[in-house]
Each structure stands twice: as C-alpha cells, then as structure tokens.
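Everything numeric in this text was worked out from a predicted model, so none of it was measured. Order of the sequence lines sets the chain letters (A, B, ...), proteins ahead of strands, with each chain counted from 1.
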2 protein chains.
Amino acid sequence: MAVTIQDVARLAGVNSSTVSRVINGKATITDETKAKVYAAMQELDYHPNSLARSLASGSSGAIGVIVDARDAEAFANEFFSRSLFAIEKEAQARGYHVIIANGAQSRGETIENLMKEHKVDGLILPPTTVRPALMKTIGQFPYVVLGTPDTMRSEACWVDNNNEQGAELAVKHLLERGYLKIAYLGGREKRGFTKRRVRGYEKNAGGQRMVLPTDGTAEEACTVAREILSAADHPDGFVCNDNLAAFGLLKACRSCGLRIPDDIGIVAFDNYPLAEYTDPPLTIVDIDTAMLGEQTAQLLFRRIKDSRIGNQQIMLSATLVARASTERVANV
Amino acid sequence: MAVTIQDVARLAGVNSSTVSRVINGKATITDETKAKVYAAMQELDYHPNSLARSLASGSSGAIGVIVDARDAEAFANEFFSRSLFAIEKEAQARGYHVIIANGAQSRGETIENLMKEHKVDGLILPPTTVRPALMKTIGQFPYVVLGTPDTMRSEACWVDNNNEQGAELAVKHLLERGYLKIAYLGGREKRGFTKRRVRGYEKNAGGQRMVLPTDGTAEEACTVAREILSAADHPDGFVCNDNLAAFGLLKACRSCGLRIPDDIGIVAFDNYPLAEYTDPPLTIVDIDTAMLGEQTAQLLFRRIKDSRIGNQQIMLSATLVARASTERVANV
DNA sequence: ACTGATTGTGCAAGCGGTTGCACGACATGG
DNA sequence: CCATGTCGTGCAACCGCTTGCACAATCAGT
C-alpha cells in the first residue's frame with residue numbers, strides 16, 4: 001500500500017540499508033548516492049513508517065504527560081495548560097511527540113502501561129502520583145515530576161516553583177504596604193502546594209496565623225471571607241491561594257462595604273490574564289509556568305538521552321507583581 | 001531485555017500465536033489454555049510491546065489533536081482545554097492515546113507527518129488548517145475539524161457549536177430586557193467564529209449595527225468601550241465576544257460611571273468559571289465545550305472504525321445563562 | 001462407521017525499518 | 001609493490017507481534 005524504504009531503495013538502485021543510513025545520517029555516504037536517494041524519496045513522496053522505526057530502534061519518539069484530573073477543571077487550569085504548551089514546544093524541537101493521558105481514574109495503571117508497553121520514552125508526572133509503589137517500577141525509567149511531591153521529596157526527580165518563597169513575598173509585601181493583620185485564604189489545606197504556601201505565610205506573618213482553607217471554589221472563598229470580615233477586628237491583608245479565592249474575596253469585600261486597597265489589601269497567587277482587569281487590579285505572585293514546563297521538559301530529555309543522570313530537584317523562584325489591590329501608602 | 005510474547009509462550013508451553021490470540025480474543029481458545037497463558041503472563045509481568053503490535057496490526061492506537069497556537073494563550077483557553085479533556089476521556093475509553101501537537105509554526109507539515117508516518121489513526125484539526133491543499137492529502141484519512149472551517153464549509157467534516165444562534169440568543173435577551181441599542185464588542189473580525197457571531201448579532205439587532213472589533217485583549221476592549229461610552233447616545237446593551245472583552249467593558253463602565261445592569265446590559269460568550277464572580281455576575285452564552293469535545297471524538301472514532309462514513313457537519317446549539325448583568329426590569 | 005464440518009493450536013511469513021558484520025575499492029606508508 | 005587502513009555499501013538477522021494457512025482432533029449426521 002504505502003511506499004516503503006524498499007521501494008525507495010529499488011528506485012535509487014541501492015540497498016534499503018543505504019537509504020536508512022541516508023535518512024538517519026548514520027554513516028558516510030557518497031554525495032552522489034545521497035542525491036539519488038533523496039531524489040527517489042522525493043519522487044515517491046516517501047515517509048518513513050515511524051512505527052517500524054520505533055520498533056527497530058527501540059525508542060518510541062514520544063513522551064507522556066500525565067494529568068491528574070477528576071474533572072475538566074484541572075485540564076483547564078492555566079498552570080497545566082501553559083506548562084503543556086512549553087513542554088510541547090521543547091518536544092517538537094527534538095522531534096518528539098507528546099502524549100497526554102489522564103491518570104486520575106486508573107491509579108497508576110495508565111502510567112505503568114505507557115512505560116511498559118514502550119509507548120513513551122519518558123514521563124512527566126503530577127506530584128500526586130509519587131508513591132513508593134509506583135516509584136519502584138518507574139524509578140529506572142526517565143521521568144520528571146512537575147511539582148513538588150509530598151512524599152519522597154528528596155529522592156524523586158522534580159521541578160517546581162518555590163511556593164513557600166512566593167508566599168513569603170506576598171506577606172512581606174503586604175506588611176511593607178502597611179497592612180497589619182494578614183490572613184491566608186483558599187485552597188485545600190491537604191494539597192501539597194497549598195501546604196507549602198501556608199508555610200511561607202506562617203514564617204513571615206509574625207506569629208499571627210489565620211489560615212482559611214476552602215473547597216477550592218470562588219463561592220466558598222466568598223462565604224468564608226464574608227464571615228471573617230464581619231468580625232470586629234478582621235484581617236486587613238489577604239494572601240489568596242489562587243484567583244478563584246481572590247474573586248470570591250473581592251465579592252465579599254463589596255458586600256461588606258470594605259474598600260480595596262484602602263481597607264483591605266489583596267495578593268493572589270498565579271498570573272491570570274484577568275487578574276489585571278478586576279476592580280481594582282490584583283497584586284499577584286507570578287508563577288512562570290512557561291519556564292516551569294520548559295525546565296521540566298529539558299530535564300526529562302536530558303535524562304532520556306543519558307540514563308546516568310540521576311534524580312535532581314529544581315526549584316524556580318516566584319516574583320511579585322504589584323498592582324492596585326495593595327496600593328496603600330505605608331503607615332498612614 | 002524486556003519479557004516478550006515468546007517468553008510467555010515458552011513458559012505456558014504453547015506457541016506465541018496462541019498467546020497473541022488469547023490477548024486479543026481473536027479465536028476460540030480452550031479455557032485450560034487460556035488459564036495457562038494468563039498464569040504465565042502474570043508470573044512474568046508481561047506487557048505487550050505496543051510498538052510491535054502497532055506495526056503488525058497496522059494501527060497506531062493513537063489519535064492526534066492539533067492546536068494552532070502561536071502563543072500559550074490558545075493552549076490555555078478554556079475552550080481548548082475542556083474539549084481536550086473530553087477528547088482524552090473518549091480516547092481512553094477506547095484504549096486510544098492522544099497525541100497533541102502544535103501546528104502553528106509548521107504549516108501543515110506536522111499534520112501530514114503525523115498521518116503519513118502512521119503515528120496516528122485519526123486527527124482532530126483546528127478550522128484554520130482546512131485548506132484545499134491539505135484536504136487533498138488528508139481527505140481520505142479519518143479526521144474531524146473542531147470548529148467551523150471558513151472554507152470548504154459544506155465539504156469538510158466538522159463539529160461546532162452554533163455561534164450564530166448563540167449571538168441571536170444574546171441579542172434577543174438584551175432586547176427582551178429592555179435594552180434598546182445593542183453593540184457587539186471584541187474579537188478579531190477576521191476570525192471565523194467571530195464572523196458568525198457577528199452575523200447572528202446583525203440578524204437580530206433590528207437594523208442597527210455597531211460592531212467593535214479589537215485585537216482580542218481586555219485592554220483594547222476597555223479602550224474601545226470607553227470611547228464609545230463617552231458619546232451622548234451610546235449603546236445600552238453589549239454582546240461581548242469573550243470574557244476578556246467583558247472584563248474590559250466592565251472596567252470601562254466603572255471609569256465612565258455607568259451602572260450595570262441599570263445603565264448598561266452585558267452578555268458575554270463562553271462559560272468561564274469567573275464570569276459568575278464579576279461585579280455584577282455576567283449573563284453568558286454557554287458553549288458546552290465538554291459536549292463539543294465528546295461529539296468530535298465520537299465522530300472521529302466512528303470514522304476510524306468505518307472508513308465509509310463520509311464527511312458530516314454537526315452543529316450544537318448554545319444556551320443562555322441569565323445573571324445579574326442583564327437584570328433590568330423590562331420597559332421601565 | 002465413515003464423511004464432512006468445526007474447533008484449537010502451530011508454523012512461518014510478514015509489518016517496515018535498523019544495524020553489526022563483511023567485503024571490495026581505493027588511498028596511504030614503508 | 002605489498003601490507004594496512006579507511007570508506008562506502010550490501011547482506012541478513014532482528015525488533016516483537018499479528019495472522020493466513022495448514023493440520024490434527026473432536027463432533028455431528030446419516
């Protein structure tokens with residue numbers, strides 16, 4: 001049916017192995033022969049069958065990106081999408097394909113299959129999948145975790161942004177701007193990255209600790225915030241775990257008649273395009289998701305190429321982008 | 001190195017072809033033999049090499065999803081992400097993998113390679129890739145366009161939501177609520193889906209036509225809206241091309257001292273989680289992206305299974321979700 | 001009991017490439 | 001001028017699985 005390497009060889013008057021070598025540049029070939037082969041390929045519109053090539057060469061030419069998504073939200077979140085974009089870019093530059101797979105429903109099965117059935121040469125995993133059981137089977141295989149795993153933190157191979165340091169930036173900024181009583185709003189407290197952000201918050205909040213976890217929705221953030229803000233000595237500064245929490249908080253402030261940034265200061269995590277279009281625009285802790293994806297992919301490809309490269313941990317730092325939601329003149 | 005089908009066959013005391021048949025259920029096999037084979041597979045922790053399997057069987061077991069993204073935004077947009085989630089779900093249910101690839105930089109090359117190198121059994125394409133040249137090569141191959149192509153609209157195979165009807169809903173809703181002068185804000189007018197939305201707007205706006213295209217950013221929407229709103233007889237109803245436009249418009253209204261929904265009514269396209277958390281919450285035209293992805297994937301798999309299934313066009317309808325941004329009592 | 005259909009399994013030829021080994025041709029050095 | 005290298009290409013095995021064909025064994029029908 002399709003045109004094979006044999007057809008090309010026949011037309012070019014050489015052996016198929018020569019054609020293979022021309023394609024892969026794996027040996028010294030006369031310019032004359034090369035020309036004949038190229039001409040034949042052109043004429044027949046030859047495209048090597050990547051399946052056959054993979055089988056013979058032992059590498060699939062693809063990497064797998066596992067997502068842990070029970071619902072569409074995780075797929076849709078900016079963090080994942082933007083990282084994925086960067087990952088795909090790195091992969092394409094190296095002639096690799098990206099297979100995405102949802103690992104949520106199938107506890108590890110998907111991941112192991114991708115690996116054991118030779119479908120991918122390497123894997124990018126979400127932190128939740130890092131468990132001793134899985135690591136035992138996957139340990140020898142090229143993988144990188146995108147995020148900090150809760151367990152096996154110092155053994156696993158991962159790339160993450162520094163959530164703890166990000167939260168520190170946020171708290172310091174609020175204090176500098178003259179806010180006195182700082183709370184942390186949003187996020188499921190059990191989640192790894194929330195825990196680390198909370199830790200960064202605690203370290204710098206000067207002994208105070210007011211952590212207000214939610215179920216992750218804007219709605220609950222609003223409810224929780226409203227309750228807190230109705231108390232007499234409510235906080236005047238908030239670090240929000242994400243944009244949803246910030247939106248809920250904004251709504252709560254409106255309904256309580258509190259003004260931002262005069263009465264309340266707000267810093268939110270994540271660089272969300274719309275965070276600049278709230279009223280007022282939100283000061284944010286910027287997570288460079290593109291860089292994150294890029295670094296993760298680069299590390300993975302390094303490990304695919306050279307299996308001796310051991311596990312390493314890369315921590316990228318976050319930066320603060322000040323906007324109007326904390327624009328209070330200090331110590332008024 | 002890895003355990004092969006031969007190893008299993010040897011241990012089970014049968015021929016490798018029997019093992020193959022057991023795995024694929026392609027023939028009648030004694031229960032006894034089956035049991036032996038399963039036991040051997042278990043004992044050796046056998047995983048069939050999908051590469052070899054694909055080569056022999058002629059199908060890769062993967063579908064490709066092409067994204068047309070110059071920047072990360074397209075990847076990050078809800079539309080794409082949520083559809084992708086649904087597509088992956090359908091694929092996983094059928095034992096297929098999903099390969100994503102950015103087709104933006106490489107005009108068609110990526111797409112053709114995916115197909116011609118037998119890397120995928122089918123493709124989901126963005127509307128922008130539908131060109132006669134590409135269709136000539138891809139026409140015989142199972143594909144579905146996610147969105148309405150501008151050219152070859154009636155020949156190509158696609159699934160889309162009804163943007164025209166969605167815009168009609170929006171305009172009718174505004175008129176019913178007593179808004180009189182309706183404008184369309186946002187979107188690059190050249191883009192296919194924007195064009196169709198504008199058409200739906202025009203049909204129902206009762207002869208008036210005020211279309212305000214932008215470069216797609218919230219910033220420009222804000223600038224454009226501010227200018228329009230400063231005129232004496234400015235519009236009192238807006239259909240926004242997306243949430244970014246709506247956010248820009250909200251900001252413009254604030255700065256002009258116009259109140260929503262009393263002075264201005266707003267309907268925005270797309271079901272964005274935060275659209276409920278603006279001030280006031282936005283009335284939206286809900287595009288069911290999950291359904292869109294699902295239908296697209298299902299159609300693709302039907303075509304993969306049965307190559308005689310011709311090109312078809314599926315149009316899903318949009319629904320309106322009324323919220324406070326249009327909550328004006330009619331004819332006050 | 002004999003023939004023909006059915007069932008269960010083995011054999012071996014692919015699927016379309018890659019790659020170690022071999023070998024002839026030509027260049028180089030003593 | 002012969003021994004020794006290097007270069008360019010062909011040969012054939014192999015990657016691990018699928019599948020058409022063959023064949024022995026079992027079963028049903030008359």
Side-chain angles (χ1 to χ4, degrees), chain A residues 1-41 44-62 95 113-121, chain B residues 1-41 44-62 95 113-121:
Chain A
M1 195 79 222
V3 24
T4 75
I5 200 172
Q6 304 293 344
D7 301 324
V8 176
R10 208 171 303 128
L11 182 61
V14 298
N15 188 276
S16 68
S17 60
T18 303
V19 177
S20 171
R21 285 189 262 258
V22 169
I23 293 172
N24 298 301
K26 286 232 173 154
T28 42
I29 306 274
T30 324
D31 284 344
E32 190 193 358
T33 310
K34 270 188 198 165
K36 280 192 297 184
V37 171
Y38 282 128
M41 295 202 308
L44 298 173
D45 187 31
Y46 169 69
H47 290 258
N49 182 324
S50 72
L51 260 26
R53 202 207 288 242
S54 294
L55 177 59
S57 67
S59 98
S60 70
N113 282 353
L114 238 29
M115 174 183 76
K116 292 191 178 162
E117 298 180 0
H118 298 262
K119 285 183 176 149
V120 298
D121 296 341
Chain B
M1 194 79 221
V3 24
T4 75
I5 201 172
Q6 304 293 344
D7 301 324
V8 175
R10 207 171 303 127
L11 181 61
V14 298
N15 188 276
S16 68
S17 60
T18 303
V19 177
S20 172
R21 285 190 261 258
V22 169
I23 293 172
N24 297 300
K26 285 229 175 158
T28 43
I29 305 275
T30 325
D31 285 345
E32 191 194 359
T33 311
K34 270 188 199 164
K36 278 192 299 186
V37 170
Y38 281 130
M41 295 201 311
L44 297 174
D45 188 31
Y46 170 69
H47 290 258
N49 182 324
S50 73
L51 260 27
R53 204 208 286 243
S54 296
L55 177 59
S57 67
S59 99
S60 70
N113 282 354
L114 236 31
M115 176 182 75
K116 292 192 178 160
E117 297 180 1
H118 297 263
K119 284 183 178 150
V120 298
D121 296 341

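- Nucleic acid contact class of A:T18 (heavy atoms, under 4.0 Å, all strands): sugar-phosphate only.
- The shortest distance between the side-chain N/O atoms of B:N15 and the OP1/OP2 oxygens of C:dC11 is below 4.0 Å.
- A donor-acceptor contact shorter than 3.5 Å is absent between the side chain of B:S20 and the backbone of B:S16.
- Between B:R53 and D:dG16 there is no side-chain N or O to OP1 or OP2 distance below 4.0 Å.
- Within the structure, every side-chain polar atom (N or O) of B:S17 is placed at least 4.0 Å from both OP1 and OP2 of D:dT18.
- B:T4 places a side-chain N or O within donor-acceptor distance of the main-chain N or O of B:Q6, the cut-off being under 3.5 Å.
- Straight-line distance from the CD atom of A:E32 to the P atom of D:dC7: 18 Å, rounded to whole Å.
- Between the base of D:dC17 and the side chain of B:S16 there is no donor-acceptor pair shorter than 3.5 Å.
- Nucleic acid contact for A:V14: sugar-phosphate only, since backbone atoms but no base atoms lie under 4.0 Å from a heavy atom of the residue.
- Atom C1' of nucleotide C:dT9 and atom CG of B:D31 are separated by 15 Å, given to the nearest angstrom.
- At the phosphate of D:dT18, neither OP1 nor OP2 sits under 4.0 Å from any side-chain N or O atom of B:K26.
- Ranking D:dG8, D:dT9, C:dG16 by closeness to the A:R21 side chain, first place goes to D:dT9.
- Using a 4.0 Å heavy-atom cutoff across all strands shown, A:L55 reaches at least one base atom of the nucleic acid.
- Taking OH from A:Y46 and CE from A:M41, the interatomic distance works out to 8.0 Å, rounded to the nearest 0.5 Å.
- Using a 4.0 Å heavy-atom distance criterion, B:S20 is classed as a base contact.
- Counting only heavy atoms from C-beta on, A:I5 has its side chain closest to C:dT18 among C:dT9, D:dT9, C:dT18.
- A distance-only check finds no donor-acceptor pair linking the side chain of B:T30 to the backbone of B:E32 [under 3.5 Å].
- With distances taken from any side-chain atom of A:T30 to the nucleotides D:dG8, C:dT18, D:dC17, the minimum falls on D:dG8.
- Atom CD1 of A:I29 and atom CD1 of A:I23 lie 11.0 Å apart (nearest 0.5 Å).
- Straight-line distance from the NZ atom of A:K36 to the P atom of D:dG8: 14 Å, rounded to whole Å.
- Phosphate proximity of D:dT18 to B:N24: present, with a side-chain N or O under 4.0 Å from OP1 or OP2.
- Residue-to-nucleotide contacts include no donor-acceptor pair under 3.5 Å from the side chain of A:S57 to the base of D:dC15.
- Nearest nucleotide to the side chain of A:A56, out of D:dC15, D:dC17, C:dT9: D:dC15.
- Along DNA chain C, the nucleotide closest to B:A52 and the one closest to B:T28 are compared, and the more 5′ of them pairs with B:T28.
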